[in-house]
Protein chains: 2
Amino acid sequence: MTDGRIILNMDNYKPLREIVFEAMREAIVSGRLAPGERLVEIKLADEMGVSRTPVREAIRKLELEGFVIMMQRKGAYVAGLSPKEIRDVFEIRSTLESLAARLAAERITQVQLEQLKRQLADLEEKIRSHEIEAVVKADIAFHDVLFSASGNARLVSMLSNLREQIHRYRSMSLSYPGRMSVALGEHRAIVKAITEHKPQEAAEAALEHMDSAEASLIEVMKKVHMSINDEREE
Amino acid sequence: MTDGRIILNMDNYKPLREIVFEAMREAIVSGRLAPGERLVEIKLADEMGVSRTPVREAIRKLELEGFVIMMQRKGAYVAGLSPKEIRDVFEIRSTLESLAARLAAERITQVQLEQLKRQLADLEEKIRSHEIEAVVKADIAFHDVLFSASGNARLVSMLSNLREQIHRYRSMSLSYPGRMSVALGEHRAIVKAITEHKPQEAAEAALEHMDSAEASLIEVMKKVHMSINDEREE
DNA sequence: AAATGGTATTATGTATACACAAAACAATTT
DNA sequence: AAATTGTTTTGTGTATACATAATACCATTT
C-alpha cells in the first residue's frame, strides 16, 4: 500500500433532522402529503422510526422554506399555494432568474459554458423520450448550471428554494400540450445569449421563459379546475 | 354591552423560541455577538434562563436566515459577511427592491400612498435631527410601506430578511458624509415615480438608491479597513 | 333533545437525560 | 523535547419526560 491513503468520508454524515427534512419535503412536493394535511409530530416520528426532536426541527425548516404553515399551539399543516401565491412566487422568480441569466452572460467560464451546453443537449434528448420525470430532472440540472454560472451563491440558494416551492405543480405544467418543445426553444435562446455574452438578451430570454412557464401552469390549473387552495383567499 | 364583542388577544402569545430568536438576532445585528463568535447552546440557555430546546430552534432559524453558520457536530458560529457576500446580497436586493418599486407604482392604493408620504416626511425630519438610530428606524418604516405596496407578501418577507442581513453594517453606511441627504433625495425620486404611477421610473430610482447605498457602504468599509470577514475568501 | 359543565385525551412547548463525537489535556514513550 | 497514546471534558445530536393548552367526549341538567 504505497500511496493508498484511506479516506473514508465522514463528510457525508447527515444529521437525522436533515434526512427527515428531505424525506418530508419530498413527500410534500410529490403530493404524498397533501396541502392542508395536519402534521402530527409523534405520528411522523413513529412512522420514520425517530424521536420527535428531529421531526420538530425538520418541520421548522419546512416552515421557513414555505412548505409548512404553523399555527401557535395548534400544530403544523402542509402549505398549499393559492393562485395568488403562485403568481407572487413567479413574480419573484422571473426577476431573479432573469438576474441570474444576466450575470451568467457576464461571468460564465468556458468550462461552465460547456456544461451548460451538455445539459441543453441532455434536455433535448429527454424531451424526445417523452418521459416527463426525466425531463423535469434534466430541466433542474440545466438551471442549476445556469444558476451557478451567475457566481452569486446566495442567488443560487434562493432560486433553488423558489423552484422547489412550485415543483409540486411542475410536472402539471410540463404536461400542457406543446409546452416541452416551447420550453426547449426558450432554453436555447437563453444559452445562445449567454454564449454570445449578451447580458440584456439573456435576461430577456429568461424572463420570457418564466412568463411562459407561468402561463402554461395557470392554464393547466384552470382546466383541472383545481382548488389547490384550501380555505384561503383568491 | 350591546355590540361589544370581547376580543381578548391570545395572539400576542409568543413561543419562547421566537423570543430567543429575536433576542439573538438583535444581539447579532447590533454587534453584541460578533462575527465568528461561537454559539454554545447551554451557555446561551443559561444566560437567558431557558432550556436548550428553544435556543436550538432559534439557532436553526438564524442559520436559515443567514445570521449563523452551523458546522456538523461542531456547533454554530455568528456569520460574518465577506465583501463578496455583501456584494452578492446587494445584487439580489437591488433587483428585488426595484421590483417592489415597480409593482408599487402599479398597485399602490391611495391610503398607502399617503402613508408613504408621511414616512418620507418623517424621514426628512429625523435626518434634520441627525440622530442616526432614528434615521435608520424611519428608513425601515419607509421601505416597509413601500414593500407592502407591492402587494406581494412573499416579496415583503424576502426583502425584510435581506435588509436584516446587512443591517449590521447599516449605520456605518449612513455615517458616510453626505450619505443621508443623498439618500433622502433618492427616496423622494422613488416616491415621485410611484405617485405618478410610473413603474419604469420607480424601478430605476430604486435601483439607483441601492447602488448608491452599496457604494457608500463599500467606501466606508474600505476606510475602516474592516476585515468583517474572518478566515473566509475574498 | 339541547345545552352546559366537567373530564379525559391528545399534542404542542419546554425541560432534561443520555450517547457519542470532538477537542483539550495529561501521561507515557521514544 | 517531540510524538504518540490514553483520558477527561465539553458540546452537539437525539430521545424522553413533564406541563399545559386545545380538543373531544361524556354526563348531567334543564
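What you see is a predicted model; the values in this text were computed from it and never measured. Computed over heavy atoms, backbone and side chain alike; hydrogens, waters and symmetry mates excluded.
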J.: Could you go over nucleotides 13-16 of chain C and give all protein N or O partners under 3.5 Å, atom names and distances?
T.:
from: C/dG13; atom 1: OP1; to: A/R73; atom 2: N; distance (Å): 3.4
from: C/dG13; atom 1: OP2; to: A/R60; atom 2: NH2; distance (Å): 3.3
from: C/dG13; atom 1: N7; to: A/R52; atom 2: NH2; distance (Å): 3.1
from: C/dG13; atom 1: O6; to: A/R52; atom 2: NH1; distance (Å): 3.0
from: C/dT14; atom 1: OP1; to: B/L16; atom 2: N; distance (Å): 2.6
from: C/dA15; atom 1: OP2; to: B/S51; atom 2: N; distance (Å): 2.8
from: C/dA15; atom 1: OP2; to: B/S51; atom 2: OG; distance (Å): 2.8
from: C/dA15; atom 1: O5'; to: B/S51; atom 2: OG; distance (Å): 3.4
from: C/dA15; atom 1: N7; to: B/T53; atom 2: OG1; distance (Å): 2.7

J.: Could you tell me whether the side chain of A/T95 and the main chain of A/E91 form a donor-acceptor pair under 3.5 Å?
T.: yes

J.: Check the distance between C/dT12's C1' and A/I42's CD1 and give it to me in whole angstrom.
T.: 9 Å

J.: Looking only at atom types and distance, does a side-chain atom of B/N152 sit under 3.5 Å from a main-chain N or O of A/D88, one as donor and one as acceptor?
T.: yes

J.: For A/E219 and A/S216, run side chain to side chain donor-acceptor pair (under 3.5 Å): C-alpha distance rounded to whole Å, both residues' side-chain angles, the deciding distance at 0.1 Å, then the answer.
T.: CA-CA 5 Å; A/E219 207 49 46; A/S216 68; over 6 Å; no

J.: Looking at A/E164, A/E63, A/E18, which one forms a salt bridge (charged side-chain N to carboxylate O under 4.0 Å, His left out) with A/R25?
T.: A/E164

J.: Any Lys/Arg nitrogen of B/D46 or B/R52 sitting under 4.0 Å from an Asp/Glu carboxylate oxygen of the other?
T.: no

J.: Protein-nucleotides 6-9 of chain D N/O pairs closer than 3.5 Å?
T.:
none

J.: Identify whether any heavy atom of B/L44 sits under 4.0 Å from a base atom; if not, whether one sits that close to sugar-phosphate; answer base, sugar-phosphate or nothing.
T.: nothing

J.: Can you tell me if A/E85 uses its side chain to pair, donor with acceptor, with the backbone of A/S82 under 3.5 Å?
T.: yes

J.: Could you tell me whether the side chain of B/R73 reaches within less than 4.5 Å of the side chain of A/Y13, counting heavy atoms only?
T.: yes

J.: Between A/Y77 (OH) and C/dT12 (P), how many Å, whole number?
T.: 9 Å

J.: Without decimals, in angstroms, what is the distance between B/I59 CD1 and D/dG11 P?
T.: 12 Å

J.: Quickly, which of A/R179, A/R170, A/K126, A/R163 forms a salt bridge (charged side-chain N to carboxylate O under 4.0 Å, His left out) with A/D139? Name it, please.
T.: A/R170

J.: Grab the NZ-P distance between A/K43 and C/dA11 for me, whole Å please.
T.: 9 Å

